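Structure first, then comments.
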Amino acid sequence: MKLTFKQGNNILGTIGIIGGIVIVALAFVQELPFMKNELPGSGFFPILCGIAISIFGVLIIVENTYKSRKAAEESPEDSQFEKNIINMTELRTFAYTIGISILVLVMTPIIGIIISIGIAVTALVKILAKENMKKSLIIGIGTTIVLYLIFSEFLGVPLPRSIIGI
Amino acid sequence: METLLQNLAMGFSVLANPIVILYALGGVLCGVIIGALPGLGPSVGIAVLLPLTYGMEPAAGIILLSGIYYGAMYGGSITAILINTPGDSAAVMTTLDGYPLTLKGQAGKALGMAAYSSVIGGTVSVVAFMLFAPVIASYALAFGSSEYFALMILGLASIAGMTGDSPTKGFFAAFVGLFIALIGLDLVTGVQRYVFGNVHLFSGIDFIPVAMGLFGIAEIISDNGTGGIIVDKDSLKLKNLFPTKGEWKECLPHIGRGTGLGFFVGMLPGAGATIASFLSYSMAKKISKRGKEFGSGVLEGVAAPESANNAASMGAMIPMLTLGVPGSGSTAIMMGALMMLGITPGPSLFMKEAEVAWSLVASMYIGNIFLLLLGVLGLPIFVRVLKVKAPILNSIVLAFILIGSYALENSMFTVGITIFFGVIGYFMKKVKVPAAPMILAIVLGYLTESNLRQALIIGDGSIINVVTKPISAVILVIALIMAFGTPITEMIKRKVMKNTAV
């Protein structure tokens, strides 16, 4: 899988342009007035932000084109713009970290946040640190107990419990 | 002066009681621990431990709480430096140079400098507090919405110093941050903006879960290429935790400026330690000879924001104690605590409750000494965290981030926001978009908008009336210099060099 820094910048700029336009369009859809009674309305700042985001999106693409061309002329082989920014190890960590975090979000209403996080830590240690199951479980359970003691017992945070009340 | 010293002696006499000293130490220790937990800042610490003061002598109670307050201000920097996750909002700027120093194997030195600059900032501010509190407080009250708007613009102008290699990307991030700050109910008209009926968004998006995602989760995901963080054993030896003569020479002026700036900004209601640390970092970057190296791991980049945020926490006590106007969430809770203990803050506090007020001032000196001791002696313990295998440490940090973001609002929606910004932060890292301008814009965005709109309503809709008020005008000129000073100077330099060459 390859995505160069130059392509990444172009994607960023494009997202900026589209995002800015969507922000401005939504201001009109939500009927947020730019000005009201000769004073800035609730749409004043959002519309200005939307326009600025689009403009900077364009500038990012222009700057990227100019700088990448210059870099290619100076040292075609060392140009950072042509370097791949996707690293497979990182992508794997990204997928597991975000995937397991989302699972915590989904599982919390069913099994409570403490147990969800315990499972998440165990799974991450097992998968990413490649530790054996025993060590992963010890770290997972240990972290869970420390979190419970700090947040629930010491700080009194009302943590979401499971459907059976744990 | 004599009366001042007599009053201070009266304050210290309260601290002669070992139990009170123990409260001060316990407060600072709890504060450091709570501050180091991602997402939990001084306000949470004070609110949570408030019940401990039930039945205490008023002086002892307030000494305990103020210990938590400035302990937490320092504690936030520990995780910012070690794992790139700011413990609280005021430590966001510390991550910029603190974490790169850790990656270079100089975590001990970075933490040491954070402790020294926090203590210097805090102690100098206590002296200023004693000498100038009543006078300065009256000036702080002269700040209306026009002046606040100008102050917010000054804060936003500091973005110019945080844009890294590409100012375009820095300003892009800032405008995205500004937009995020505007999501929620418009307090002027009550209209929903970009909420789409989601009740969780009515109060807007807090910047702490955003910062935890952009800095913390993004750091967990990205491979920094070191295969874990190297901790140089020598760097943990006590003598190596002290900056060298040369480092002191470089850092002290920034600590001095950060302290002055932090103390003043801290006094302004609503501004607080976060803005003080942003401004101080930006000012240090502009002034320092090594300005271009900021962000790659320079000690001045730790010293400037750390001195400012601790100075600001002392400054914030002034309007609360002398006028009864709390300037921040933390001081508002402190004020509630004082009232709970039967003390009413206000202009007569230092006369009617002189013993309590002066014992609080005295405890600030003692608290800063404890902070220094804890900071220096605890460093080897803090840094030991880095010896844990990176993926294991990351898994545990992620657990703290997720539960910490839940604890912010007792809502899983906030956890979702943190994860979402973790993903965004990862992509921002890949395409080298700086995260700090986005955070600063989220902090200042709403305040900028509401103050401008209020100022325009008061000023009959004329922007001229807003920007020509004396204090606003001065601040706006400084903002202009901050934003455009460097490019204009460089342009002139280039022109002069070109002419000389010809």
Side-chain angles (χ1 to χ4, degrees), chain A residues 5 8-9 11-12 16 19 23 26-27 30 32 36-46 49-50 52-53 56-57 59-60 63 85-87 89-90 93-94 97-98 101-102 104-105 108-109 113 117 120-121 124-125 128-131 139 143-144 147 150-151 154-160, chain B residues 33-34 37 40 44-45 48 166 168-169 171-172 175-176 178-179 182-183 186 188-189 191-196 217 220-223 389-392 394-396 398-400 402-404 406-407 410 412 415-416 418-419 422-423 426-428 430-433 445 448-449 452-453 456-457 461:
Chain A
F5 184 57
N9 282 335
I11 293 172
L12 175 73
I23 290 170
L26 283 175
Q30 294 173 105
L32 304 175
K36 200 175 180 186
N37 303 330
E38 295 181 357
L39 288 169
S42 44
F44 182 80
F45 265 73
C49 277
I53 290 169
F56 277 100
L59 289 176
I60 285 170
E63 186 185 63
I85 53 172
I86 301 286
N87 165 341
T89 318
E90 224 176 58
T93 313
F94 172 81
T97 310
I98 298 302
S101 301
I102 292 170
V104 169
L105 212 56
T108 295
I113 196 165
I117 285 185
V121 174
L124 283 172
V125 173
L128 298 179
K130 297 188 176 79
E131 296 290 350
I139 295 169
T143 309
T144 309
L147 287 176
I150 295 177
F151 285 90
F154 181 59
L155 298 175
V157 176
L159 298 175
Chain B
I33 295 168
I34 289 175
L37 294 173
L40 300 185
V44 176
V48 163
S166 168
T168 317
K169 285 180 184 171
F171 281 103
F172 174 79
F175 277 106
V176 174
L178 265 181
F179 170 69
L182 302 174
I183 295 171
D186 174 12
V188 179
T189 59
V191 174
Q192 290 180 26
R193 293 192 296 192
Y194 304 90
V195 167
F196 309 109
I217 294 188
I220 287 171
I221 297 167
S222 57
D223 175 13
K389 218 169 148 187
I392 296 178
N394 286 344
S395 310
I396 297 169
L398 181 72
F400 270 92
L402 294 180
I403 207 159
Y406 170 81
N410 294 342
M412 285 310 284
V415 182
T418 308
I419 298 169
V423 176
Y426 172 68
F427 288 111
M428 281 169 67
K430 290 279 104 184
V431 286
K432 295 183 180 169
V433 177
T448 309
E449 188 201 21
L452 174 65
R453 288 170 73 185
L456 283 172
I457 292 168

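Computed from a predicted structure; not experimentally measured. Sequence lines set the chain letters: A, B, ... in the order given, protein chains first and strands last, and positions in each chain run from 1.
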Shortest non-hydrogen separation from [X] to [Y] and the atoms involved:
X: B:F172; Y: A:G16; answer: CE1-CA, 3.6 Å
X: B:M412; Y: A:V104; answer: CE-O, 4.2 Å
X: B:S395; Y: A:L124; answer: OG-CB, 3.4 Å
X: B:T168; Y: A:F56; answer: O-CD2, 3.5 Å

Part of [X] lying under 4.5 Å from any heavy atom of chain B:
X: A:I117; result: side chain
X: A:I11; result: neither
X: A:T108; result: side chain
X: A:I139; result: side chain
X: A:I85; result: both
X: A:L39; result: side chain
X: A:I102; result: both

Review point. Which region of B:T189, side chain (C-beta onward) or backbone (N, CA, C, O), has a non-hydrogen atom less than 4.5 Å from a non-hydrogen atom of chain A, or is it both or neither?
Key: side chain
Expected output: side-chain [X] to main-chain [Y] donor-acceptor under 3.5 Å:
X: B:R193; Y: A:S42; answer: yes
X: A:Q30; Y: B:Y194; answer: yes
X: B:K389; Y: A:A129; answer: yes

Nearest 0.5 angstrom please: [X] [atom1] to [Y] [atom2], how far?
X: A:F45; Y: B:L452; atom1: CZ; atom2: CG; answer: 5.0 Å
X: B:L402; Y: A:S101; atom1: CG; atom2: OG; answer: 5.0 Å
X: A:I23; Y: B:F179; atom1: CD1; atom2: CZ; answer: 4.0 Å
X: A:L147; Y: B:F400; atom1: CG; atom2: CZ; answer: 4.5 Å
X: A:T97; Y: B:L398; atom1: OG1; atom2: CG; answer: 6.5 Å

So which residue, [options], ends up with the most heavy-atom pairs under 4.5 Å with chain B?
options: A:T143, A:I86, A:I60, A:N37; result: A:I60
options: A:G41, A:G19, A:G43, A:G8; result: A:G41
options: A:T93, A:L128, A:L105; result: A:L105
options: A:E38, A:K36, A:E131; result: A:E131

Practice item. Start with the C-alpha distance between A:L59 and B:F171, add both sets of side-chain angles, then the distance that settles side chain to side chain contact (heavy atoms under 4.5 Å, CB included), and finish with yes or no. Key: CA-CA 11 Å; A:L59 289 176; B:F171 281 103; over 6 Å; no
Practice item. Report the C-alpha distance between A:L12 and B:M428 in whole Å, list the side-chain angles of each, state the deciding distance to 0.1 Å, and finish with yes or no for side chain to side chain contact (heavy atoms under 4.5 Å, CB included). Key: CA-CA 9 Å; A:L12 175 73; B:M428 281 169 67; 6.0 Å; no
Review point. Hey, which of B:V176, B:I392, B:I33, B:N394 has the most heavy atom pairs under 4.5 Å with chain A?
Key: B:I392
Point to revise | Top of B:L178, B:V423, B:V191 for chain A proximity - count of heavy-atom pairs under 4.5 angstrom | key: B:V423
Review point. Relative to the ring of B:F427, is the ring of A:F94 parallel (under 30°), tilted (30 to 60°) or perpendicular (over 60°)?
Key: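 Perpendicular: the ring planes of A:F94 and B:F427 meet at over 60°.
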Review point. Under the side chain to side chain contact (heavy atoms under 4.5 Å, CB included) criterion, do A:I98 and B:Y426 qualify, and how do the steps go?
Key: CA-CA 11 Å; A:I98 298 302; B:Y426 172 68; over 6 Å; no
Exercise for review: Taking only Lys NZ, Arg NE, NH1 and NH2, and the carboxylate oxygens of Asp or Glu, determine whether A:E90 and B:K430 approach each other closer than 4.0 Å.
Suggested key: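 Answer for the salt bridge query: yes.
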**Study point:** Pairwise side-chain contact, A:L159 with B:I403, heavy-atom cut-off 4.5 Å (strictly under)
**Key:** yes
Practice item. Ignoring hydrogens and angles, state whether a donor on the side chain of A:N9 or B:K432 is under 3.5 Å from an acceptor on the partner side chain. Key: no
